[in-house]
2 protein chains.
Amino acid sequence: MAKHDPDLSLLFHALADPTRRSILSRLAETPARVTDLAGPTGLRLPTVMRHLSVLEEAGLITTSKDGRIRTCAIVPEALDPARTWLDEQRAIWEARLDRLDAFVMNVMKKERAE
Amino acid sequence: MAKHDPDLSLLFHALADPTRRSILSRLAETPARVTDLAGPTGLRLPTVMRHLSVLEEAGLITTSKDGRIRTCAIVPEALDPARTWLDEQRAIWEARLDRLDAFVMNVMKKERAE
DNA sequence: ATCATGCTTAGCCATATCGCTAACTATCGC
DNA sequence: GCGATAGTTAGCGATATGGCTAAGCATGAT
């Protein structure tokens with residue numbers, strides 16, 4: 001059980017910012033240039049660049065430069081570790097709920113018996 | 001489509017820290033006191049308290065105080081918004097991949113025809 | 001009443017984050 | 001070549017984060 005998973009920390013941190021999530025949503029439609037991505041956000045280019053490098057370091061996007069244009073695209077499988085972790089947790093948490101149910105039912109049975 | 005979803009930001013931010021994730025894992029087993037949670041982390045109580053309040057503000061845990069003891073417990077459904085967002089994104093991203101496949105196949109067809 | 005326990009508050013320090021401007025580089029179109 | 005376009009780098013300021021210590025408060029045990 002991964003105690004210190006830097007990947008997950010990078011991933012969740014990248015997803016924790018609304019600007020970055022909206023950039024991802026935009027890129028989900030189609031790859032785009034840096035300027036295209038900056039437009040809707042209302043932020044300056046250097047600011048957007050920083051967000052993009054956060055996304056890239058988290059593995060969520062790839063970028064490539066052709067001439068003076070940098071094109072950004074999503075990396076679909078990058079979300080998998082996050083999904084996997086959430087699924088695992090849900091499974092564990094629900095298992096605990098089941099045990100809790102069993103416990104409660106047991107208590108009720110006992111009380112009924114008294 | 002939620003442009004600015006503070007819930008998601010709080011959620012993902014809370015999950016972005018390894019200490020907080022390990023606290024959640026610990027709580028997945030059973031509710032615990034603050035001191036119990038602090039032990040494994042090797043961190044001081046005030047530090048752990050801060051992590052706990054981040055988790056609580058994100059809705060991931062609830063706490064209640066009985067006498068001088070504060071007991072913390074997970075809120076299982078709190079992960080749902082994150083899961084939902086990830087699922088939505090995956091769906092959209094995969095749809096885009098399908099369109100890309102179609103595009104590539106079309107190009108290949110054209111090239112074969114020349 | 002006193003002491004130990006469990007938590008809380010206040011405040012400090014170092015670092016990270018998020019926004020910006022200004023200045024620089026590199027390419028494209030003419 | 002020259003100007004416009006696209007991106008990059010450097011660095012600033014405000015705020016947030018994550019750790020700590022020290023001191024305070026409330027409760028439980030004796």
Side-chain angles (χ1 to χ4, degrees), chain A residues 3-27 30-74, chain B residues 3-27 30-74:
Chain A
K3 287 285 178 195
H4 311 293
D5 192 330
D7 272 16
L8 272 183
S9 295
L10 280 179
L11 245 184
F12 283 131
H13 173 249
L15 296 177
D17 186 283
T19 299
R20 287 195 287 268
R21 287 199 306 277
S22 78
I23 288 178
L24 285 179
S25 294
R26 166 64 187 78
L27 286 178
T30 165
R33 302 178 307 159
V34 175
T35 306
D36 294 338
L37 295 173
T41 67
L43 298 175
R44 302 290 181 181
L45 268 186
T47 305
V48 172
M49 287 283 300
R50 211 166 195 70
H51 283 303
L52 291 178
S53 64
V54 169
L55 288 171
E56 194 168 15
E57 277 168 30
L60 283 163
I61 66 171
T62 43
T63 75
S64 61
K65 204 169 177 180
D66 180 21
R68 58 183 162 165
I69 292 180
R70 176 171 300 279
T71 302
C72 308
I74 51 173
Chain B
K3 287 284 181 196
H4 313 293
D5 191 332
D7 272 15
L8 272 184
S9 295
L10 280 178
L11 244 182
F12 282 132
H13 172 249
L15 296 177
D17 185 283
T19 298
R20 286 193 288 266
R21 288 199 305 278
S22 78
I23 287 177
L24 285 179
S25 294
R26 166 62 187 78
L27 286 178
T30 165
R33 301 178 307 159
V34 176
T35 306
D36 292 340
L37 294 173
T41 67
L43 298 175
R44 301 292 180 179
L45 268 186
T47 306
V48 173
M49 287 284 299
R50 213 172 196 70
H51 284 303
L52 291 178
S53 63
V54 170
L55 289 170
E56 194 168 13
E57 276 168 31
L60 284 162
I61 67 172
T62 43
T63 74
S64 61
K65 204 169 177 180
D66 180 21
R68 58 185 162 168
I69 292 180
R70 178 172 298 280
T71 302
C72 310
I74 51 173

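The chains referred to below are lettered A, B, ... by the order of the sequence lines, with proteins before strands, and numbering in each begins at 1.
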Exercise. Starting at CG of Asp36(A) and ending at P of dT5(D), how long is that distance when rounded to a whole Å?
Worked result: 15 Å
Problem set entry | Whole angstrom value for the distance that separates P of dT17(D) from NE2 of His51(B) | 12 Å
For this session: Quick one: closest heavy-atom pair of Ile61(A) and Leu27(A), and the distance?
Result: CG2-CD1, 3.8 Å
For this session: May I ask you to verify if any side-chain N or O of His13(A) is less than 4.0 angstrom from the OP1 or OP2 atom of dT17(D)?
Result: no
For this session: Between dG7(D), dG28(D), dA4(D), spot the one nearest the side chain of Val34(A), thanks.
Result: dG7(D)
Exercise. How do Arg68(A) and Val54(A) order along DNA chain C: which one's closest nucleotide is nearer the 5' end?
Worked result: Val54(A)
Exercise. Would you say Arg50(A) has more than 12 foreign heavy atoms packed within less than 6.0 Å of its CZ?
Worked result: no
For this session: Would you mind reading off the distance between Asp66(A) atom CG and dT5(D) atom C1', rounded to a whole angstrom?
Result: 15 Å
Seminar exercise, completed: One should read off an interatomic distance between Thr30(B) OG1 and Ile74(B) CD1, to the nearest 0.5 angstrom, of 9.5 Å
For this session: Rounded to the nearest angstrom, tell me the gap between atom CE in Met49(B) and atom C1' in dG19(D).
Result: 15 Å
Exercise. What is the minimum heavy-atom distance between His13(B) and Arg20(B), and which atoms define it?
Worked result: O-NH2, 3.1 Å
Exercise. Could you give the CG-to-C1' distance, from Asp17(B) to dG19(D), as a whole number of Å?
Worked result: 11 Å
Exercise. Of Leu45(B) and Gly67(B), whose closest DNA chain D nucleotide lies nearer the 5' terminus?
Worked result: Leu45(B)
Exercise. Of the nucleotides dA6(D), dG18(D), dA22(D), which has the atom closest to the Arg33(A) side chain?
Worked result: dA6(D)
Exercise. Taking CZ from Arg20(B) and P from dG19(D), how many angstroms apart are they, rounded to a whole number?
Worked result: 8 Å
Exercise. Where do Val34(B) and Met49(B) come nearest, in terms of heavy atoms and distance?
Worked result: CG1-SD, 4.1 Å
Exercise. For Arg44(A) and dT8(D), what is the distance between atoms CZ and C1' respectively, to the nearest whole Å?
Worked result: 16 Å
Exercise. Considering all heavy atoms of both residues, which atom of Arg26(A) and which atom of Ala32(A) are nearest to each other, and what is their separation?
Worked result: NH2-CB, 3.5 Å
Problem set entry | Range on DNA chain C touched by chain B, heavy atoms, distance below 4.0 Å | dA4(C) to dT9(C)
For this session: Examine distances only and state if a side-chain atom of Thr71(B) and a backbone atom of Arg33(B) form a donor-acceptor pair shorter than 3.5 Å.
Result: no
Exercise. When you measure from the side chain of Arg50(B), which nucleotide among dA4(D), dG18(D), dA22(D) comes out closest?
Worked result: dG18(D)
Seminar exercise, completed: Walking DNA chain C from its 5' end, the first of Gly42(A) and Lys65(A) to be reached, judged by nearest nucleotide, is Gly42(A)
